[in-house]
There are 2 protein chains.
Amino acid sequence: MPEDRINKVSCSNYRCEIEITLEIISGKWNALILWTLGKEGKKRFGELKKSISGITQKMLTQQLKSLEKYDIITRVAYDVSPPIVEYSLTEKGLRLMPILEEMDIWGKEYIKDHK
Amino acid sequence: MPEDRINKVSCSNYRCEIEITLEIISGKWNALILWTLGKEGKKRFGELKKSISGITQKMLTQQLKSLEKYDIITRVAYDVSPPIVEYSLTEKGLRLMPILEEMDIWGKEYIKDHK
DNA sequence: CTGAATCCCAAATGATACTG
DNA sequence: CAGTATCATTTGGGATTCAG
């Protein structure tokens, strides 16, 4: 375990701040979840699951939890039966959107050039 | 296809173009490699290895290859002994820099808010 | 409806030794 | 110097089942 090799935000020991951002939005579904919440606004768990084709319940739960920990999304649970849980972007999450927009644009151009 | 990944962009269907961009710049060292090349310009293999603390030869080779396949960096090898190999950003790679800049800014703010 | 708990496999990364 | 090759380990993610 040679030296400075800790990626965790909580440890503040990283090689550059890009990695923090990357750590938060990478993962197979995170960007898509953020993109969906950013474009369509507040959504319930089941709605998200329907919007994001192919995702399993486990992965959705897992990545939502991760995003919530990072304070990128907010989870609001209404104590009713059957339960209602709504997710939305936080202030930090909203400030992530311009980056996703640019990544979207870059990706579109990249595809265009490769045809 | 472990390790030496094929260029999936040409054959995969994506759910959104953000994922293409993410596929290219994620991976444990890719962003750092791009950032270094973007900030410091053309670099030799060994210089990169020294600049990026903690990376192994294998990972550097591997991710450089991946980035080259994606046409994000250019590899120029001079046939001398001992060999000289220089890496630099392509046009596409350069157009990735603004995104990395924004991720850097976002990350710095994120850290600041979490202290 | 939302989500926790397991089990399992594939993929990513790391350690180390070797080479033209 | 700039890589390969091989093996070991860690991590990420999918399928399935259970639960409040």
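Residue numbers start from 1 in every chain, and the chains themselves are labelled A, B, ... in the order their sequence lines are given, proteins ahead of strands.
Sorted by first and then second residue, the side-chain hydrogen bond (donor to acceptor under 3.5 Å, both in side chains) pairs with a member in residues 41-50 of chain B read Glu40(B)-Lys43(B); sequence neighbours excluded.
A single hydrophobic cluster is seen to contain both Met97(A) and Leu64(A), as judged by linkage of ILVMFWY side chains at heavy-atom distances under 4.5 Å, directly or through other members.
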Every protein N/O within reach of nucleotides 9-16 of chain D N/O, cut-off under 3.5 Å:
{"from": "dG13(D)", "atom 1": "OP1", "to": "Lys28(A)", "atom 2": "N", "distance (Å)": "2.7"}
{"from": "dG13(D)", "atom 1": "OP2", "to": "Gln63(A)", "atom 2": "NE2", "distance (Å)": "3.3"}
{"from": "dG14(D)", "atom 1": "OP1", "to": "Lys28(A)", "atom 2": "NZ", "distance (Å)": "2.5"}
{"from": "dG14(D)", "atom 1": "OP2", "to": "Trp29(A)", "atom 2": "NE1", "distance (Å)": "3.3"}
{"from": "dG14(D)", "atom 1": "N7", "to": "Lys58(A)", "atom 2": "NZ", "distance (Å)": "3.2"}
{"from": "dG14(D)", "atom 1": "O6", "to": "Lys58(A)", "atom 2": "NZ", "distance (Å)": "2.2"}

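For Leu22(A) against Ser26(B), the heavy-atom pair with the smallest separation is CD2-CA, 4.3 Å.
Using a 4.0 Å cut-off between a side-chain N of Lys or Arg and a carboxylate O of Asp or Glu, Lys28(B) and Glu23(A) do not qualify as a salt bridge. Salt bridge annotation for Lys108(A)-Asp113(A): absent, with no cationic side-chain nitrogen under 4.0 angstrom from a carboxylate oxygen.
Under the rule for a side chain to side chain contact (heavy atoms under 4.5 Å, CB included), Asp79(B) has no partner lying at least two apart in sequence or in another chain. When the side-chain hydrogen bond (donor to acceptor under 3.5 Å, both in side chains) test is applied to Lys69(A), no partner is found at least two apart in sequence or on another chain. In terms of the side-chain hydrogen bond (donor to acceptor under 3.5 Å, both in side chains) criterion, Glu109(A) has no residue partners (sequence neighbours excluded). Under the side chain to side chain contact (heavy atoms under 4.5 Å, CB included) criterion, Lys65(A) pairs with no residue at all, not counting sequence neighbours. Looking at residues two or more places apart in sequence or on another chain, you find a side chain to side chain contact (heavy atoms under 4.5 Å, CB included) between Ser66(A) and Tyr70(A).
Put simply, the side chain of Leu67(B) does not reach to within 4.5 Å of the side chain of Tyr87(B), judged on heavy atoms. Taking 4.5 Å as the limit, every side-chain heavy atom of Trp106(B) sits out of range of all side-chain heavy atoms of Ile18(A). Proximity of Asp104(B) to Thr21(A): side-chain heavy atoms (C-beta onward) are nowhere separated by under 4.5 Å. Annotation: side chain of Ile33(B) is in contact with side chain of Leu60(B) (closest heavy-atom distance under 4.5 Å).
In this entry the distance linking CD of Glu68(A) with P of dT2(C) reads 15 Å, nearest Å. Between Glu23(B) atom CD and dA12(C) atom C1' the separation is 14 Å, expressed in whole Å. Atom CG in Asn30(B) sits roughly 18 Å away from atom P in dA11(C) (whole-Å rounding).
Residues from residues 77-89 of chain A that place a heavy atom under 4.0 Å from any atom of DNA chain D, listed by number: Pro83(A). The stretch residues 43-51 of chain B has no heavy atom under 4.0 angstrom from DNA chain C at all. Contacts of residues 33-42 of chain B with DNA chain C (heavy atom under 4.0 Å): none.
Cluster partners of Val80(A), using a side-chain heavy-atom cutoff of under 4.5 Å among ILVMFWY residues and allowing indirect links, are Val76(A), Tyr78(A), Ile84(A).
Between its two ends, the helix from dC1(C)-dG20(D) to dG20(C)-dC1(D) turns its axis by 50°, counting five pairs per end and rounding to 10 degrees.
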